[in-house]
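This report refers to the structure that appears directly beneath it.
Positions are given from 1, in the same order as the sequence printed here.
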Amino acid sequence: MLAVSAQAAEGFKYEVHIDAPREVRELLEHNLDLVRFRGNDRIDREQLQRLVRVAPEQIRTLVATDGYYSPVVSARVDRESGTPVVRVKVEPGEPVRVGEIDLTLQGFAPNPDQPADKQFDTTALKAGWSLKKGAVFRQEDWESAKRAILRSVVQTRYPRAQLVESQATVDPEAHLANLRVVIDSGPEMRFGELRIEGLKRYPASVVSNLNQIHPGDYYSEAALQSYQSRLQDTGYFASVEVSGDMSAILNEQLDAAAMTPEQNAAAVMAPLPLLVRVVENKRKNVSAGVGYSTNTGNRASLTYDDLSVFGLRMKSALTLETKKQTANTNFYFPVTPEGYNDSIGASFERSDISGEVTSVASLAAKRAWGTPLLERNLTLELLTETKTVGGVPSSQSKSLPLTYGVTWRKLDNLLFPTKGYALNAQLGGALLPLLTDEAFVRGYLRGVAYLPLGSKSNAIFRGEVGALASRDKSGVPAVYLFRAGGDQSVRGYAYQELGVPVNGATTGGRYLATASAEYQYWFKPAYGVAVFYDAGNAGDTVNALHPKSGYGVGGRWKSPVGPINVDVAYGHAVQKYRLHFSLGFTF
């Protein structure tokens with residue numbers, strides 16, 4: 001039962017009571033004029049009577065959009081009390097459901113030059129029709145189903161497809177709606193040559209080397225969006241637009257408009273030029289920022305980027321944190337036609353974590369390639385390190401390790417994943433005596449899995465393992481040893497607090513194992529809560545990996561820049577509560 005009241009400027013009052021099932025009541029609450037116009041200063045007794053008279057017809061129209069075509073409706077004014085009360089009663093009755101579905105596809109002629117598994121799958125297209133037989137026939141679902149099926153056609157091969165007929169025949173007595181939808185494919189379209197507009201400072205290879213679309217490939221919006229994303233990620237451009245240049249085939253389009261559907265489907269259109277329009281970024285950019293991390297404390301940063309230094313892109317940054325200070329400069333080569341991203345760089349980092357102070361200078365060369373679904377990289381580093389443990393200088397070392405890494409992602413959404421998994425594996429080491437004090441081999445594997453449990457909840461499982469083999473651990477750079485604890489590890493403990501105790505400090509170990517289980521409930525689309533349990537440790541032997549546990553609760557927000565997580569965790573081994581804050585899906 002809903003009760004609302006309204007008062008005009010001159011003091012006129014009335015109430016509205018709606019007696020209807022919850023879904024129908026909410027529909028009327030948001031759309032019925034009797035409720036929507038409450039508080040309007042033009043409403044008087046005469047206007048109220050008019051709204052009451054037209055209310056039944058308006059209610060029938062509204063509930064029909066929700067599938068109820070034979071409602072019993074009444075609306076009357078009750079003046080027994082001092083304030084008039086409009087009593088609305090709605091018995092929606094049995095909803096109309098979807099009956100027969102006639103989904104006709106015109107065109108879509110098989111291509112004799114393609115094998116069967118490369119043909120357009122019309123069977124899958126029909127199977128993907130979302131408004132199934134027996135479902136309640138709602139207007140919103142009907143329109144959504146038509147948009148979705150047309151969208152699935154125009155985004156690949158047939159960008160000129162049209163919905164030429166759509167009809168829903170409703171039989172209120174039988175409570176059935178028979179549907180007819182006719183889609184005309186239009187001609188198949190393929191990509192042609194690459195055309196670039198807007199380049200001034202940078203060579204065309206910056207754009208063309210990232211192009212994975214070949215002349216003769218079928219039109220695909222996914223391919224266009226992927227290419228556009230790769231160009232945006234380079235940092236060279238303030239804006240990027242990648243599209244098929246329809247204006248270049250205008251004459252063919254005009255001719256196709258005069259064809260019959262059969263002629264249109266059989267027509268062979270001229271290749272569709274691949275058009276890239278760019279607006280270049282300013283060459284140099286300086287930015288500064290301040291922040292806070294529950295892992296490394298207060299933060300101040302300064303970055304300087306130059307998009308053309310000897311033909312390379314340069315990125316440099318100075319970051320000062322309470323527990324870590326870093327300076328680095330990297331030079332990025334243009335992506336090669338084979339898709340390789342090569343870079344070289346230098347960095348210096350000083351950190352003071354759990355009583356272990358390290359200073360590391362490094363030179364690195366890196367090659368990365370692949371896609372967001374399968375990324376690979378190969379890194380060669382020259383490191384020199386000075387380490388102090390518990391206030392006592394302990395070692396100086398140098399190393400020349402080579403590391404291969406690969407990341408697999410199979411997620412429903414790369415920014416806000418709710419289903420799927422991601423895995424990262426690393427294998428490397430310094431095996432040769434060249435510029436290396438201690439030879440070692442190191443392996444590391446981490447993964448995360450997302451499991452939906454319903455429309456509003458999901459579970460997240462996370463784990464990591466690592467192992468290092470060497471004769472003497474003291475000659476291995478600290479960055480290649482293992483520690484645990486912190487926002488992305490075992491919550492409830494300080495950043496890298498878990499490891500091997502030495503002289504009152506914590507150092508890295510040869511082995512690592514952590515695991516986490518988390519349940520999330522989203523009470524609103526963008527806001528949720530979570531409970532979690534983490535456990536893990538690092539040590540010099542497998543037997544030393546006595547798991548330290550942490551558990552707690554947290555809040556979740558799907559912000560425009562990625563998921564924001566705020567957790568309060570209790571570290572069982574240290575018997576302390578700790579606040580953790582993290583931004584984004586870091587994998």
Polar side chain donor-acceptor pair, Q426 to N424, under 3.5 angstrom: yes
Short side-chain donor-acceptor distance under 3.5 Å, T379 and T403: no
Side chains of S474 and D472 in contact at under 4.5 Å (non-hydrogen atoms): yes
Side-chain H-bond candidate by donor/acceptor type, T319 with T326, under 3.5 Å: no
Close side-chain approach of S347 and E349, heavy atoms under 4.5 Å: no
E385 and Y480 side chains, donor-acceptor separation under 3.5 Å: no
T234 and R230 side chains, donor-acceptor separation under 3.5 Å: no
Polar contact flag, side-chain donor to acceptor under 3.5 angstrom, T418-D412: yes
A439 backbone acceptor or donor facing T436 side chain under 3.5 Å: no
Aromatic ring pairing Y551/Y570, orientation class (parallel under 30°, perpendicular over 60°, tilted between): tilted
Shortest non-hydrogen separation from N295 to G486 and the atoms involved: OD1-CA, 3.5 Å
Heavy-atom side-chain contact between T506 and Q496 under 4.5 Å: no
Side-chain donor/acceptor of H572 to backbone N/O of K548, under 3.5 Å: no
Full working for side-chain hydrogen bond (donor to acceptor under 3.5 Å, both in side chains) between H580 and D487: CA-CA 6 Å; H580 296 276; D487 301 341; 2.7 Å; yes
Identified side-chain hydrogen bond (donor to acceptor under 3.5 Å, both in side chains) counterpart of S470 within the set R442, R510, E438: R510
Single hit among V207, V279, L231 for side chain to side chain contact (heavy atoms under 4.5 Å, CB included) with V240: L231
Expected output: side-chain D540 to main-chain V500 donor-acceptor under 3.5 Å: no
Contact summary for Y202 and R283, nearest pair of heavy atoms: OH-CA, 4.0 Å
Any donor-acceptor N or O pair under 3.5 Å, side chains D342, T336: no
Point-to-point distance, once rounded to the nearest 0.5 Å, from OG1 of T407 to CG of N377: 7.0 Å
Aromatic plane relationship, Y404 with W369 - under 30° parallel, 30 to 60° tilted, over 60° perpendicular: tilted
Neighbour count >12 (heavy atoms, 6.0 Å) for atom NZ, K558: yes
Pairwise side-chain contact, P401 with L383, heavy-atom cut-off 4.5 Å (strictly under): yes
Aromatic ring proximity, centroids under 6.0 angstrom, Y219 and F191: yes
T386 OG1 to Q396 CD distance, which is reported to the nearest 0.5 Å: 4.0 Å
Any side-chain heavy-atom pair of N281 and F237 under 4.5 Å: no
Contact check, side chains of F348 and S359, non-hydrogen atoms, under 4.5 Å: yes
Heavy-atom donor-acceptor pair, N209 side chain to V335 backbone, under 3.5 Å: yes
R483 side-chain N/O to I353 backbone N/O, donor-acceptor pair under 3.5 Å: yes
Close side-chain approach of Y227 and L274, heavy atoms under 4.5 Å: yes
R462 bridged to E518 by N-O distance under 4.0 Å: no
Residue pair K387, T507: steps toward the side chain to side chain contact (heavy atoms under 4.5 Å, CB included) verdict: CA-CA 10 Å; K387 183 164 57 177; T507 65; 5.7 Å; no
E241 side chain to R277 backbone, donor-acceptor under 3.5 Å: no
Within-4.5 Å side-chain heavy-atom neighbours: K576 and R578: no
Value rounded to 0.5 Å, distance of CG in L374 from CG in L423: 11.0 Å
Audit row: L400, L432, side chain to side chain contact (heavy atoms under 4.5 Å, CB included) steps and yes/no: CA-CA 8 Å; L400 185 67; L432 302 178; over 6 Å; no
Any donor-acceptor N or O pair under 3.5 Å, side chains T514, E464: yes
